[in-house]
Amino acid sequence: MLDRRKFLRLSAISSAAALVGRSFAAHRSPFATPAANGTPIVISTWDFGKEANAAAWEILKANGSALDAVEAGARVPEADPTNQSVGLGGRPDRDGHVTLDACIMDALGRCGSVAALEHVVHAVSVARMVMERTPHVMLAGEGALQFALENGFAKENLLTEQSRAEWQEWLKTEKYEPVRNIENALPGGAPNHDTIGILALDAAGDLGGACTTSGMAYKLHGRVGDSPIIGAGLFVDNEVGAATSTGVGEEVMRIVGSHTVVELMRQGHSPEEACRAAVERIVRRDAAAAKAVQVGFLALGRDGSYGAYALQDGFTFAVKSGATEQIIPVKHHF
Ligand code: SD4
């Protein structure tokens with residue numbers, strides 16, 4: 001009799017085998033329509049989205065899939081040790097562990113996610129493997145690590161000297177006080193961006209999205225934010241559009257933010273209007289709490305339209321489509 005682990009290993013192998021040779025068209029959503037002007041587009045949260053978009057664009061411009069594009073884009077900040085909010089070099093939790101949250105979703109509504117994953121740089125790729133090689137959507141903690149290692153990911157130390165030194169400084173007060181993320185707060189000042197959410201529309205009209213983060217610095221060990229939660233940190237619906245979020249995940253989870261944005265778009269709101277309505281929902285729930293934190297939503301319509309809205313000043317996003325490459329400051333509530 002097959003034990004459970006063997007079953008999952010075998011099903012991983014057979015699904016991987018099934019993927020080999022599967023045509024690109026087989027991944028197409030019945031709701032795919034060619035991208036506006038036939039030109040694909042990729043958008044990402046914050047200024048560092050620019051580098052992620054560049055990697056994603058290499059795939060999109062060669063008629064690759066939105067799914068491949070968002071994964072490639074998300075891997076860029078994950079691999080950057082100087083980026084202290086995503087992947088390698090992320091700020092640790094209260095106890096000094098760097099724990100990553102990530103998810104990915106495609107045009108067919110397939111999705112995969114990892115939460116509180118330690119020791120693996122490319123959490124987004126583990127999330128994709130959960131999607132493609134298991135019958136599940138989400139793996140967490142030790143189990144997510146075990147799955148990653150069994151599937152060829154390397155075990156690494158993600159805590160850089162800089163992040164360790166800052167954490168040790170923080171331990172002197174141990175005050176959990178999430179900073180409001182503001183890009184380029186001061187002219188020439190250090191950027192203070194967090195989570196990358198990346199959304200793409202490919203040339204064939206399919207959407208894809210990914211979200212990856214090391215989460216709130218100095219969180220309790222085991223805390224999971226919005227970023228790996230399908231519907232909160234990311235949602236893709238090829239009939240309508242895609243959305244992602246950044247900022248204090250607890251506020252996003254309470255309104256299932258990204259799903260809310262997509263549903264508002266389904267009702268006819270533009271991406272920016274939908275993001276704004278979701279932000280206002282957070283404010284209506286608890287205005288005092290909302291005033292103290294940052295939350296930003298970013299959305300992409302299936303027609304290539306896009307927009308964003310944030311609680312606070314300072315949220316930006318990066319766009320890449322053809323020759324267009326921009327970083328756009330986002331309107332905000334407070
Ligand atoms: C989270 N939205 O874990 C993520 C990322 C973050 O400041 O650190 N926001 O809540």
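Start at 1 and go down the list; that is how both ligands and their atoms are numbered. Source: prediction; values computed, not measured.
One finds a salt bridge joining E132 and R110 here, because a Lys/Arg side-chain nitrogen approaches an Asp/Glu carboxylate oxygen to under 4.0 Å. One finds no salt bridge joining R302 and E239 here, because no Lys/Arg side-chain nitrogen approaches an Asp/Glu carboxylate oxygen to under 4.0 Å. Between E161 and R164 there is a salt bridge, since a side-chain N of the basic residue sits under 4.0 Å from a carboxylate O of the acidic one.
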Donor-acceptor pairs under 3.5 angstrom involving side-chain atoms of residues 51-60: please list them, not counting sequence neighbours.
residue, atom, partner, partner atom, Å
N53, OD1, S44, OG, 2.5
N53, ND2, A318, O, 2.9
E58, OE1, K61, NZ, 3.3
E58, OE2, K61, NZ, 3.2

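Where the criterion is an N or O separation shorter than 3.5 Å, residue side chain and backbone included, T246 fails it with respect to ligand 1. Between D101 and ligand 1, a contact under 3.5 Å exists for no N or O pair. Checking only distances, G249 does come within under 3.5 Å of ligand 1, N or O to N or O. For M216, a nitrogen or oxygen atom sits less than 3.5 Å from a nitrogen or oxygen atom of ligand 1, counting backbone and side chain alike.
Between the side chains of T213 and T195, at least one donor N or O sits under 3.5 Å from an acceptor N or O.
Proximity to T213 (heavy-atom distance under 4.0 Å) selects the following atoms of ligand 1: 5 (C). Listed by number with element, the atoms of ligand 1 under 4.0 angstrom from any heavy atom of S227 are 2 (N), 4 (C).
Among T212, V224, D226, the residue whose heavy atom sits closest to atom 1 (C) of ligand 1 is D226. Of the listed residues (I229, T195, T244), the one carrying the non-hydrogen atom nearest atom 4 (C) of ligand 1 is T195.
Contacts of M253 with ligand 1, taken as heavy-atom pairs under 4.0 Å, are absent altogether.
Identified under the ring pair (Phe, Tyr, Trp, His ring centres under 6.0 Å) test for residues 256-313, with sequence neighbours left out: F235-H259, Y306-F317.
Put simply, part of G247 is less than 4.0 Å from ligand 1, judged by heavy atoms. Ligand 1 has at least one atom lying under 4.0 Å from a heavy atom of R223.
Across C211, C111, S258, a single residue satisfies side chain to side chain contact (heavy atoms under 4.5 Å, CB included) together with I230, and that is C111.
Classified by interplanar angle (parallel below 30°, tilted 30° to 60°, perpendicular above 60°), the ring pair Y218/W170 is parallel.
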